[in-house]
Amino acid sequence: SAGSNGCRYCRVHGAHAMIEETARVIAIENNQLLLEAETRAACNACAAKQGCGTSVLSKWVGRKFTRFQAPNTVNARVGDEVVVGLAEEAMLKGSVFVYLLPLLAMIGFALLADSLVSANTASRDLLVLVSAVAGFALMLFISRRFLSTNSNRSKLTPVVLRKNIA
């Protein structure tokens with residue numbers, strides 16, 4: 001059952017599976033950690049990395065870091081390495097709202113405009129394109145508003161699971 005493994009996050013949020021990542025504490029303010037994690041491509045684990053454009057691009061772009069905040073629940077200090085977790089369900093929900101729904105809205109708005117605009121209209125393609133972009137932007141705005149509500153923000157915030165002991 002959720003929380004039987006002793007994980008504070010699981011007890012509070014009822015999560016079963018977590019996506020874990022290592023991050024470094026770069027600042028602490030009001031018991032909130034400012035964390036920095038390296039953004040990595042999955043290329044090292046992929047068998048096709050030699051012939052893949054993503055692998056070449058990630059090497060060319062270089063290392064990137066993501067900064068985010070999380071409550072200090074493990075008494076971490078600046079310079080400590082910690083393991084942060086995000087519930088898989090939260091990651092899936094966020095991905096659907098940020099990627100899938102705007103894409104579907106873009107396609108839907110384009111199809112709607114395509115069916116409503118007469119075939120002999122001079123700027124028909126431009127109107128369909130503008131409708132598609134408007135659908136994408138509208139759904140992105142709605143998704144962002146929905147995900148930024150307090151109830152969703154707490155579910156989508158990474159939590160510090162433990163300190164990494166070197």
Side-chain angles (χ1 to χ4, degrees), residues 1-3 7-23 26 32-71 83-161:
S1 76
C7 169
R8 181 192 67 79
Y9 183 87
C10 296
R11 286 193 306 272
V12 173
H13 296 284
H16 292 281
M18 301 283 283
I19 297 169
E20 295 184 2
E21 186 61 61
T22 303
I26 57 173
Q32 286 284 320
L33 300 175
L34 179 57
L35 301 164
E36 185 175 69
E38 186 175 356
T39 305
R40 290 179 267 174
C43 298
N44 291 335
C46 179
K49 68 181 172 184
Q50 297 301 324
C52 174
T54 301
S55 175
V56 172
L57 184 63
S58 71
K59 287 178 187 172
W60 183 70
V61 170
R63 297 171 63 180
K64 290 194 172 205
F65 296 90
T66 301
R67 288 187 175 184
F68 56 95
Q69 290 185 327
V83 175
V84 293
L86 182 65
E88 283 183 1
E89 180 181 323
M91 180 67 112
L92 180 62
K93 180 180 182 180
S95 296
V96 165
F97 275 92
V98 172
Y99 295 108
L100 183 62
L101 292 181
L103 183 62
L104 292 176
M106 180 178 77
I107 293 168
F109 273 55
L111 291 172
L112 181 65
D114 187 56
S115 68
L116 293 177
V117 177
S118 169
N120 351 353
T121 303
S123 307
R124 183 171 193 271
D125 291 343
L126 181 60
L127 289 171
V128 171
L129 174 67
V130 169
S131 297
V133 171
F136 181 83
L138 178 65
M139 187 53 74
L140 201 57
F141 174 77
I142 292 169
S143 294
R144 184 174 178 174
R145 294 289 300 236
F146 178 75
L147 292 174
S148 66
T149 62
N150 285 338
S151 63
N152 282 317
R153 193 175 313 136
S154 67
K155 293 174 188 170
L156 297 169
T157 301
V159 294
V160 179
L161 301 174

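- Atom CD of Glu38 is separated from atom CD of Glu21 by 8.5 Å, given to the nearest 0.5 angstrom.
- A 6.0 Å sphere centred on CZ of Phe68 holds more than 12 heavy atoms belonging to other residues, nucleotides or ligands.
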- [ ] Starting from the C-alpha separation in whole Å, work towards a yes-or-no answer on side-chain contact (heavy atoms from CB on, under 4.5 Å) for Phe109 and Val133.
- [x] CA-CA 8 Å; Phe109 273 55; Val133 171; over 6 Å; no
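- We find the OG1-CG distance between Thr121 and Leu116 to be 10.5 Å, quoted to the nearest 0.5 Å.
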TODO: Show your working on side-chain contact (heavy atoms from CB on, under 4.5 Å) between Val159 and Val84 and close with a plain yes or no.
DONE: CA-CA 5 Å; Val159 294; Val84 293; over 6 Å; no
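- Considering every non-hydrogen atom in both Leu35 and Ala70, the closest pair reads CD1-CB, 3.9 Å.
- A distance of 11.5 Å separates CG in Leu140 from CE in Met106, rounded to the nearest 0.5 Å.
- A 4.5 Å side-chain heavy-atom check between Leu33 and Val160 finds at least one atom pair inside the cut-off.
- To the nearest 0.5 angstrom, Leu86 atom CG is 10.0 Å from Leu161 atom CG.
- Applying the salt bridge (Lys or Arg N to Asp or Glu O under 4.0 Å) definition to pairs two or more places apart or across chains, those involving residues 124-148 are Asp114-Arg124.
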TODO: Could you go through the side-chain contact (heavy atoms from CB on, under 4.5 Å) check for Glu36 and Thr66 one step at a time?
DONE: CA-CA 6 Å; Glu36 185 175 69; Thr66 301; over 6 Å; no
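- For residues 95-109, no residue pair satisfies the salt bridge (Lys or Arg N to Asp or Glu O under 4.0 Å) rule, not counting sequence neighbours.
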Side-chain donor/acceptor pairs under 3.5 Å, residues 91-105, sequence neighbours excluded:
{"from": "Lys93", "atom 1": "NZ", "to": "Asn152", "atom 2": "OD1", "distance (Å)": "2.7"}
{"from": "Ser95", "atom 1": "OG", "to": "Met91", "atom 2": "O", "distance (Å)": "2.9"}

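- Interatomic distance, CG of Leu129 versus OG of Ser123, reported as 11.5 Å (0.5 Å rounding).
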